[in-house]
Amino acid sequence: MADLSSVSPADPAPLRNPPWTLDEMILLLDLYRRAPRADKSHEAVLTLSRQLNAMADVRGLVRSPTYRNPVGVAMKLRNLGQQDPEFLKSGRAGLRNAGRLNAEVWTRYVT
């Protein structure tokens, strides 16, 4: 059982990561076109994670420690793959309800 004795009702709720922006999605699409199967340890995923966090710094965004981390970038990359007919032919799938922006970015910049 978890020890909740150190949790105060006044503690702020944990920060949720905001939805991906169009700019972030375009960068993710660029990564997908170069390395569609990249995982969380792939150098390009690590680089994009650092770039997205640097962009957030410039915008002054207050964010959680998991903001656009390599795990999240790799997961979003797989979700973007739901738009790729080749990805779907392979029998793979991303998360349900991966986001309307995924489809919009794919339609606008790929098809």
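Note that this is a predicted model, so its numbers are computed, not measured.
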**Q.** Transitive ILVMFWY side-chain link L48 to I26, under 4.5 Å
**A.** yes
Q.
Just so I know, are the side chains of L22 and E104 near enough to count as touching, which here means a heavy-atom distance under 4.5 Å?
A. no
(Q) Could you see if L46 belongs to whatever hydrophobic cluster contains V71? Use Ile, Leu, Val, Met, Phe, Trp, Tyr and a side-chain cutoff under 4.5 Å. (A) no
Q. How would you list all residue pairs meeting salt bridge (Lys or Arg N to Asp or Glu O under 4.0 Å) that involve residues 36-49, not counting sequence neighbours?
A. E43-R50
Q) From N69 CG over to N17 CG, what is the distance, rounded to the nearest 0.5 angstrom? A) 7.5 Å
Q. Would a hydrophobic clustering, with Ile, Leu, Val, Met, Phe, Trp and Tyr connected at side-chain separations under 4.5 Å, put L77 with Y67?
A. no
**Q.** Check ion pair D84-R33 (N to O, under 4.0 angstrom)
**A.** no
Q: Apply side-chain contact (heavy atoms from CB on, under 4.5 Å) to W20 and N102, showing your working.
A: CA-CA 9 Å; W20 285 60; N102 289 1; over 6 Å; no
Q: Rounded to the nearest 0.5 Å, what's the gap from NZ on K76 to CG on L52? Could you check?
A: 11.5 Å
Q: Might you work through the side-chain contact (heavy atoms from CB on, under 4.5 Å) test for V73 and E24, ending with a clear yes or no?
A: CA-CA 10 Å; V73 170; E24 290 172 328; over 6 Å; no
Q. With side chains defined as the heavy atoms from C-beta onward, is the minimum distance between R68 and Q51 less than 4.5 Å?
A. no
Q: Taking ring-ring contact (aromatic ring centres under 6.0 Å, His included) as the test, write out the residues that go with W106, two or more places apart.
A: Y32
Q) Say you draw a straight line from OH of Y109 to CD of Q83; how long is it, rounded to the nearest 0.5 Å? A) 14.5 Å
Q: Determine the sole option in V45, T47, N53 for which the side chain to side chain contact (heavy atoms under 4.5 Å, CB included) test with S49 is passed.
A: N53
Q | Spacing of M55 atom CE and D57 atom CG [to the nearest 0.5 Å] | A | 11.0 Å
